[in-house]
Amino acid sequence: MAQSDPVLFSIDNHVALITVNDPDRRNALTDEMSARLREAVERAEADAGVHAVVVTGAGKAFCAGADLSALGAAGGGEAESRLQRIYDGFMAVSNCRLPTIAAVNGAAVGAGLNLALAADVRIAGPAASFDARFQQLGLHPGGGATWMLQRAVGPQVARAALLFGMRFDAESAVRHGLALSVADDPVAAALELAARPGAAPREVVLATKATMRATASPGSLDNEQHAFAIRTELGPQVYSIQSPEFAAKLAAAQRR
């Protein structure tokens, strides 16, 4: 695997490390990166020697969100399917049968915040920041952000983030339950934590996560609730992408 690949994959001590790898563009999500992220997650799930997954970003950012030009393209025909392709990678993390940890080394913005929220656990580096930013871009939240944020931090803090633009640094993320802990080297801390399921029988690890997914809200699996949130958000998000306000923001961003 070349270091120029959009997603890097390695396995050590029964843990798969997946790195979104476009540091010059702050690891912004494109169709290709999302597809490769899904492939990496599926590769980890298919490997009987992998018991847990750690996801991180190359360079200074974790993930700066969906690439704005890709979002602009989603405003054309087949908008819903285009958006779903952009979100496909973090949905693979969300649906992963293995335990997942996001090592948030820097900014997690918009769809990048979704990628962090898709993991079971988040460990923040000192420079980590968590910023929904949908509203500031003139976008309706998508990818299940409304559900994932409320699950992580509760309704009031989620509304503060999505309606009032509240962002979180590493310490406030821990304080509000958005991250488990802060570590100088979040990848090393995540790998250390992931080594625990790595040392356990894989069948027990898989069964425990499946049971927790079923008992989080008895009557439905948590990933079914996530899918419902995506369907609910999709129409308003497509409408917002097709608005003149978003087109103006996209044009301004592309001139920079």
Side-chain angles (χ1 to χ4, degrees), residues 20 25-31 33-34 37 57 61-76 79-91 93-94 102 104 106-119 122 124 128-169 172-173 176-179 225-254 256:
V20 289
R25 297 172 55 258
R26 294 165 54 82
N27 305 317
L29 291 175
T30 61
D31 287 9
M33 183 178 282
S34 286
L37 182 54
F62 177 72
C63 176
D67 177 77
L68 285 179
S69 60
L71 280 179
E80 292 188 1
S81 61
R82 286 172 179 267
L83 279 171
Q84 288 172 324
R85 286 198 297 272
I86 293 170
Y87 292 159
D88 196 44
F90 66 72
M91 284 305 301
V93 175
S94 178
V104 184
V109 180
L113 175 58
N114 284 1
L115 176 58
L117 288 167
R122 288 156 292 283
S129 62
F130 302 80
D131 187 357
R133 204 177 293 183
F134 291 103
Q135 190 163 258
Q136 293 163 260
L137 293 173
L139 285 174
H140 187 282
T146 56
W147 176 77
M148 288 193 291
L149 258 176
Q150 291 186 88
R151 176 184 63 168
V153 299
Q156 178 172 246
V157 177
R159 292 178 188 190
L162 291 172
L163 296 175
F164 298 98
M166 180 178 177
R167 61 189 295 277
F168 309 84
D169 61 14
S172 65
H176 289 292
L178 187 53
Q225 296 173 19
H226 192 174
F228 172 79
I230 290 174
R231 291 194 300 272
T232 304
E233 295 167 353
L234 202 51
Q237 189 177 47
V238 169
Y239 181 82
S240 69
I241 287 173
Q242 293 172 339
S243 70
E245 292 81 5
F246 178 72
K249 289 181 182 291
L250 176 60
Q254 290 173 335
R256 294 189 189 122

Partners of [X] by side chain to side chain donor-acceptor pair (under 3.5 Å), sequence neighbours excluded?
{"X": "Ser240", "value": "none"}
{"X": "Arg25", "value": "Asp22, Asp67"}
{"X": "Thr232", "value": "none"}
{"X": "His226", "value": "Ser94"}

Closest non-hydrogen atom pair between [X] and [Y], with its separation:
{"X": "Leu162", "Y": "Ala132", "result": "CD2-CB, 3.7 Å"}
{"X": "Ala116", "Y": "Val104", "result": "CB-CG2, 4.0 Å"}
{"X": "Gly143", "Y": "Asn114", "result": "CA-ND2, 3.8 Å"}
{"X": "Ile230", "Y": "Met91", "result": "CD1-SD, 3.1 Å"}
{"X": "His140", "Y": "Phe134", "result": "O-CD2, 4.0 Å"}
{"X": "Ala111", "Y": "Ala66", "result": "CB-N, 3.6 Å"}

Can you find a heavy atom in the side chain of [X] that is under 4.5 Å from one in the side chain of [Y]?
{"X": "Leu37", "Y": "Leu115", "result": "yes"}
{"X": "Leu113", "Y": "Met148", "result": "no"}
{"X": "Phe62", "Y": "Asn27", "result": "no"}

side-chain hydrogen bond (donor to acceptor under 3.5 Å, both in side chains) contacts touching residues 145-157 (sequence neighbours left out): Thr146-Glu233, Trp147-Gln225
Results of side-chain contact (heavy atoms from CB on, under 4.5 Å) for Ala161 - residues two or more places apart only: Leu149, Phe168
side-chain contact (heavy atoms from CB on, under 4.5 Å) against Ala227, all qualifying residues, sequence neighbours excluded: Arg231
Of all pairs that satisfy salt bridge (charged side-chain N to carboxylate O under 4.0 Å, His left out), the ones with a partner from residues 139-149, not counting sequence neighbours: none
Candidate pair Leu178 and Val157, rule side chain to side chain contact (heavy atoms under 4.5 Å, CB included), full reasoning: CA-CA 10 Å; Leu178 187 53; Val157 177; over 6 Å; no
Ring pair (Phe, Tyr, Trp, His ring centres under 6.0 Å) involving Phe90 - partner list, sequence neighbours excluded: Tyr87
Contacts of type salt bridge (charged side-chain N to carboxylate O under 4.0 Å, His left out), residue Arg85, not counting sequence neighbours: Asp31
Salt bridge (charged side-chain N to carboxylate O under 4.0 Å, His left out) partners for Asp131, two or more places apart: Arg133, Arg167
